[in-house]
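Please read the structure below before turning to the comments.
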Amino acid sequence: MASTVETAKKLAAYKAVDENFPTNAKVVGIGSGSTVIYVAERIGQLTNKDQFVCIPTGFQSKQLIIDNGLKLGSIEQYPQLDIAFDGADEVDPQLDLIKGGGACLFQEKLVAAAADKFVVVADYRKESKILGREWTQGVPIEIVPNSYAKVTNDLKKLGAKKIDLRQGGKAKAGPVITDNNNFLIDADFGDIQDAKKLHEQIKLLVGVVETGLFINMADKAYFGEESGEVTVWTK
Ligand code: 5RP
């Protein structure tokens with residue numbers, strides 16, 4: 001039997017697709033992570049699935065598109081999307097997000113930024129009053145590999161309490177390599193009072209490719225609740 005969290009993810013994803021998928025969509029973004037699996041599954045059930053192309057946000061996402069019988073396109077071919085769906089690690093009431101728990105934040109942000117509408121799908125654990133409170137692993141930051149020591153020093157000066165170069169763990173000795181051949185830093189700032197400002201400060205550091213702070217990008221967020229209901233946050 002599916003766990004409560006798994007059921008919550010599925011309910012949120014299905015409802016988000018059912019309520020937002022544009023009838024005449026031509027280009028659709030498919031994000032990364034464990035919740036988006038259900039987005040791809042639901043979109044794969046559409047009878048008109050030969051009439052739109054799906055743009056991935058990384059390797060896993062590309063496989064989801066293929067496995068669900070959807071047409072695969074690239075962001076280079078289709079730089080304007082009708083809609084994008086993606087998960088999140090933390091969402092605040094302004095719909096600002098922390099993303100990058102799955103190390104795909106750069107392509108996720110590229111696809112979301114190119115979409116007319118960006119819909120987030122998540123389970124109840126991602127709802128937060130303030131970014132940095134529930135997702136305590138730190139803000140994921142994609143960096144050019146040889147800049148990690150310098151960027152670590154810079155992040156300390158910006159007030160990070162804990163900074164980790166993300167490791168592959170049992171699966172790899174050494175750091176995680178992103179789909180763009182970069183490294184990832186997780187920088188914990190505690191409660192983030194001004195997420196826009198922090199994003200801008202980090203983005204200016206030489207060596208930083210992109211931050212996992214998604215500011216003013218999401219239009220709606222669907223949360224599967226423990227009760228089996230789905231809560232929708234809008235702007
Ligand atoms: C990957 C992401 C994911 O969308 C985020 O980690 C949420 O994943 P999940 O749906 O598995 O909780 O940002 O980089």
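Keep in mind the model is a prediction, meaning the values are calculated, not measured.
- A heavy-atom distance below 4.5 Å is found between the side chains of Gln201 and Leu198.
- Listed here is the closest heavy atom pair of Ile55 and Ser74: CD1-O, 3.7 Å.
- Taking the side chain as every heavy atom from C-beta outward, Lys26 and Val53 never approach each other to under 4.5 Å.
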**Request:** Could you walk me through whether Tyr222 and Val120 pass side chain to side chain contact (heavy atoms under 4.5 Å, CB included), step by step?
**Result:** CA-CA 6 Å; Tyr222 283 69; Val120 173; over 6 Å; no

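- For the pair Asp86 and Lys99, the salt-bridge criterion is met [side-chain N within less than 4.0 Å of a carboxylate O].
- Between Val121 and Ala12 the shortest heavy-atom distance is CG1-O, 4.0 Å.
- Residues Asp188 and Gln137 have side chains that never bring a donor and an acceptor to within less than 3.5 angstrom of each other.
- Under the side chain to side chain contact (heavy atoms under 4.5 Å, CB included) test applied with Val119, the options Ile83, Asp219, Val232 reduce to a single match, Ile83.
- With hydrogens and angles ignored, the 3.5 Å screen pairs no side-chain donor or acceptor of Lys220 with any backbone N or O of Thr234.
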**Request:** Walk me through it: do Lys203 and Glu210 pass the test salt bridge (Lys or Arg N to Asp or Glu O under 4.0 Å)?
**Result:** CA-CA 6 Å; Lys203 187 81 198 253; Glu210 193 48 81; 2.8 Å; yes

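- A donor-acceptor pair is defined here as one N or O able to donate and one able to accept, closer than 3.5 Å; no such pair exists between the side chain of Lys197 and the backbone of Glu200.
- Between Tyr38 and Glu6, the side chains place a donor N or O and an acceptor N or O closer than 3.5 Å (distance only, hydrogens not considered).
- The line from CD1 of Ile215 to CG of Leu97 is 8.0 Å long, rounded to the nearest 0.5 Å.
- To the nearest 0.5 Å, the span separating CG on Asn182 from CG on Leu105 amounts to 10.0 Å.
- At least one side-chain heavy atom of Ile43 sits under 4.5 Å from a side-chain heavy atom of Val39.
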**Request:** Using the side chain to side chain donor-acceptor pair (under 3.5 Å) rule, take Lys196 and Asn216 through it: C-alpha gap first, then chi angles, then the decisive distance, then the call.
**Result:** CA-CA 9 Å; Lys196 181 170 185 282; Asn216 201 19; over 6 Å; no

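- Nearest approach of Ala16 to Asn20, heavy atoms of both residues: O-ND2, 2.8 Å.
- Taking CZ from Phe59 and OG from Ser61, the interatomic distance works out to 11.0 Å, rounded to the nearest 0.5 Å.
- Other residues, nucleotides and ligands place no more than 12 heavy atoms under 6.0 Å from the NZ atom of Lys157.
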**side chain to side chain donor-acceptor pair (under 3.5 Å) between Thr4 and Glu226, worked out** = CA-CA 6 Å; Thr4 309; Glu226 276 181 288; over 6 Å; no

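- Side-chain contact between Asp82 and Lys117: absent, with no pair of heavy atoms (C-beta onward) separated by less than 4.5 Å.
- In this structure, Lys162 pairs ionically with Asp164, as a charged nitrogen and a carboxylate oxygen lie closer than 4.0 Å.
- Closest approach of Ala103 and Val176 over heavy atoms only: CB-CG1, 4.2 Å.
- Taking 4.5 Å as the limit, some side-chain heavy atom of Glu108 sits within range of a side-chain heavy atom of Ser32.
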**Asked** Which is it for Phe223 and Glu229 under the side chain to side chain contact (heavy atoms under 4.5 Å, CB included) test, yes or no, and what are the steps along the way?
**Response** CA-CA 8 Å; Phe223 299 98; Glu229 286 170 12; over 6 Å; no

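- Minimum interatomic distance between Phe118 and Ala218 (heavy atoms only, all atoms of both residues): CD2-CA, 3.5 Å.
- For the pair Lys150 and Tyr148, the cation does not sit on the ring face, since its NZ or CZ is not both under 6.0 Å from the ring centre and inside 45° of the axis.
- Both Leu46 and Val36 belong to a single network of hydrophobic side chains, linked directly or stepwise wherever heavy atoms of I, L, V, M, F, W or Y lie under 4.5 Å apart.
- Distance check, rounded to the nearest 0.5 Å: CG of Asp92 to NZ of Lys126 gives 14.5 Å.
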**Request:** Begin with the C-alpha distance, continue with both residues' side-chain angles, and end with the deciding distance and a verdict on side chain to side chain contact (heavy atoms under 4.5 Å, CB included) for Phe183 and Ile177.
**Result:** CA-CA 5 Å; Phe183 285 177; Ile177 309 292; 3.6 Å; yes

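- Under the 4.5 Å side-chain heavy-atom criterion for Ile, Leu, Val, Met, Phe, Trp and Tyr, Leu165 and Leu184 are members of distinct hydrophobic clusters.
- By the rule that hydrophobic residues join a cluster once side-chain heavy atoms approach within less than 4.5 Å of another member, Leu95 and Leu131 end up as members of separate clusters.
- Both Tyr78 and Phe106 are members of a single hydrophobic cluster when ILVMFWY side chains are connected at heavy-atom separations under 4.5 Å.
- When all heavy atoms of Ala112 and Ala84 are compared, the closest pair comes out as CA-CB, 4.5 Å.
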**Item:** Val151 vs Ile185, side chain to side chain contact (heavy atoms under 4.5 Å, CB included): CA-CA, chis, key distance, verdict
**Value:** CA-CA 9 Å; Val151 175; Ile185 282 178; 4.1 Å; yes

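- The aromatic rings of Phe21 and Phe85 lie parallel to each other, their planes meeting at an angle below 30°, with 60° marking the opposite boundary.
- Between Pro56 and Ile30, the closest side-chain pair of non-hydrogen atoms is not below 4.5 Å.
- The side-chain hydrogen bond (donor to acceptor under 3.5 Å, both in side chains) with Gln107 is formed by just one residue from the set Asp179, Thr57, Thr178, Asn180; it is Asn180.
- Hydrophobic clustering (ILVMFWY, side-chain heavy atoms < 4.5 Å, transitive): Leu158 and Ile98 are in one cluster.
- Leu81 has its side chain out of reach of Val28: every pair of non-hydrogen atoms, C-beta onward, lies at least 4.5 Å apart.
- Within 6.0 Å of the NZ atom in Lys62, the count of heavy atoms belonging to other residues, nucleotides or ligands does not exceed 12.
- Rounded to the nearest 0.5 Å, atoms CG (Asp191) and CZ (Arg133) are 4.0 Å apart.
- The shortest side-chain heavy-atom distance between Ile202 and Leu155 falls under the 4.5 Å cut-off.
- A side-chain hydrogen bond (donor to acceptor under 3.5 Å, both in side chains) with Tyr14 is found for one member of Arg42, Lys9, Gln45 and no other, namely Gln45.
- The line from NZ of Lys129 to CD of Glu134 is 8.5 Å long, rounded to the nearest 0.5 Å.
- Because its NZ or CZ atom is not both nearer than 6.0 Å to the ring centre of Phe189 and within 45° of the ring axis, Lys161 does not count as a cation-pi partner of that residue.
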